[in-house]
Amino acid sequence: MTRDEVVAVLGPVDETLVADIIATEASLSELREAFAWLNSDEALMNEGRPLPGTRVAALIDLIEPAEDFGL
């Protein structure tokens with residue numbers, strides 16, 4: 001996967017995140033799937049889609065916005 005492909009899916013993102021995503025050796029389709037799970041997980045589960053695999057789950061962890069706990 002290339003930097004341009006990552007940006008095409010996620011939009012403008014930090015270069016460190018781009019490098020981390022590329023380092024997973026995931027495919028473009030896996031990144032698209034991770035993005036879909038983050039943005040519509042309930043809809044995908046209602047469609048009966050299987051839960052994300054290991055690589056897709058790792059991508060979700062990378063691209064999921066960090067929660068601010070006020071620390």
Side-chain angles (χ1 to χ4, degrees):
M1 188 171 8
T2 67
R3 178 197 178 283
D4 290 340
E5 290 172 328
V6 172
V7 172
V9 174
L10 302 180
V13 292
D14 180 85
E15 291 300 317
T16 303
L17 178 58
V18 172
D20 290 344
I21 289 170
I22 292 171
T24 67
E25 299 182 1
S27 68
L28 181 57
S29 64
E30 288 170 320
L31 179 59
R32 287 183 178 138
E33 182 181 348
F35 187 75
W37 274 104
L38 274 175
N39 291 294
S40 57
D41 63 341
E42 197 169 313
L44 293 174
M45 288 193 312
N46 289 340
E47 288 178 8
R49 302 258 321 249
L51 292 175
T54 306
R55 195 174 297 178
V56 172
L59 289 169
I60 290 170
D61 286 343
L62 284 172
I63 63 178
E64 187 170 31
E67 293 186 26
D68 182 6
F69 293 107
L71 300 176

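Atom set for the values below is all heavy atoms of this structure, side chains included, hydrogens, waters and symmetry mates excluded. All residue numbers refer to positions in the sequence shown, counting from 1.
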Engineer: Filter on salt bridge (charged side-chain N to carboxylate O under 4.0 Å, His left out), then keep only pairs touching residues 5-21, sequence neighbours left out; what's left?
Structural biologist: Arg3-Glu15
Engineer: Output a table of donor-acceptor pairs, distance under 3.5 Å, between side-chain atoms of residues 53-63 and any protein atom two or more places apart or on a different chain; print 'none' if there are none.
Structural biologist:
| unit_1 | atom_1 | unit_2 | atom_2 | d |
| --- | --- | --- | --- | --- |
| Arg55 | NH1 | Glu25 | O | 2.9 |

Engineer: Mind checking the CG-CG spacing from Leu10 to Leu31? Nearest 0.5 Å is all I need.
Structural biologist: 5.0 Å
Engineer: What distance do Ile21 atom CD1 and Leu28 atom CG have between them, rounded to the nearest 0.5 Å?
Structural biologist: 11.0 Å
